[in-house]
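Down below is the structure, laid out as structure tokens.
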Amino acid sequence: TYGVSRGDELFNLYKDSFSKTYLDLFSADEAVIDINYIEKTIHEKNISFHFNISNSTQEEIYELKIYTLDKAILISDIIPKIENLGFDVI
């Protein structure tokens, strides 16, 4: 989605931004998706959500990532809303 110049700029900006735990859990492709959402959140100065169905196991696992700038979002505020959509939160 980005040209070489912008891709290099983003690489240099984010290359040391992800923890070892993140790198162990997520692929480079997923990191690019996260960077896109981070950039969108910064540009729009708003909250962004990414809902994904993971097929990395035999079970369907639904993942929700929430991207914010300065707002802390309490998980205790989010869980009831997700459960009201019919999902089990673990």
Requested in this report: Answer with yes or no whether the hydrophobic clustering places Phe18 together with Phe11; edges join I, L, V, M, F, W, Y residues whose side-chain heavy atoms lie under 4.5 Å apart.
Outcome: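 They do not share one cluster, since no chain of ILVMFWY contacts under 4.5 Å joins Phe18 to Phe11.
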
Requested in this report: Indicate, with yes or no, if Leu85 and Leu74 share a hydrophobic cluster defined by side-chain heavy-atom contacts under 4.5 Å among Ile, Leu, Val, Met, Phe, Trp and Tyr.
Outcome: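 Shared cluster, no.
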
Query raised in the report: What side chain to side chain donor-acceptor pair (under 3.5 Å) pairs are there with at least one residue in residues 9-21, not counting sequence neighbours?
Result: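 Listed by first then second residue: Arg6-Glu9, Tyr14-Glu39, Lys20-Asp24.
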
Requested in this report: Could you name each residue pair satisfying side chain to side chain donor-acceptor pair (under 3.5 Å) that touches residues 42-51, not counting sequence neighbours?
Outcome: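 Of all non-adjacent pairs touching residues 42-51, those that pass side chain to side chain donor-acceptor pair (under 3.5 Å) are Thr41-Ser48.
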
Report task. Sorted by first residue and then second, give each salt bridge (Lys or Arg N to Asp or Glu O under 4.0 Å) pair with at least one member in residues 75-90; sequence neighbours left out. Result ->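 Output for this query is empty, none listed.
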
Requested in this report: Determine, stepwise, if the pair Tyr67 / Ile42 fulfils side chain to side chain contact (heavy atoms under 4.5 Å, CB included).
Outcome: CA-CA 9 Å; Tyr67 308 84; Ile42 291 168; over 6 Å; no

Report task. List for me each residue that meets side-chain contact (heavy atoms from CB on, under 4.5 Å) alongside Ser27, sequence neighbours excluded, and say none if there are none. Result ->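 Result, side-chain contact (heavy atoms from CB on, under 4.5 Å) vs Ser27: Asp29, Glu30.
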
Query - side-chain contact (heavy atoms from CB on, under 4.5 Å) involving Ile47 - partner list, sequence neighbours excluded - result: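 With sequence neighbours excluded, Ile47 shows a side-chain contact (heavy atoms from CB on, under 4.5 Å) to Phe49, Ile66, Thr68, Lys71, Ile73, given in chain and number order.
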
Query - Pairing residues for Tyr62 by the ring-ring contact (aromatic ring centres under 6.0 Å, His included) criterion, not counting sequence neighbours - result: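 With sequence neighbours excluded, Tyr62 shows a ring-ring contact (aromatic ring centres under 6.0 Å, His included) to Phe51, Phe87, given in chain and number order.
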
Report task. List in chain and number order the residues that pass side-chain hydrogen bond (donor to acceptor under 3.5 Å, both in side chains) with Tyr22, two or more places apart in sequence or in another chain; answer none if no residue qualifies. Result ->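 Here the qualifying residues are Asp34.
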
Query raised in the report: Rounded to the nearest 0.5 Å, what separation is found between the CG atom of Asn52 and the CG atom of Leu64?
Result: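 CG of Leu64 is found 10.0 Å from CG of Asn52.
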
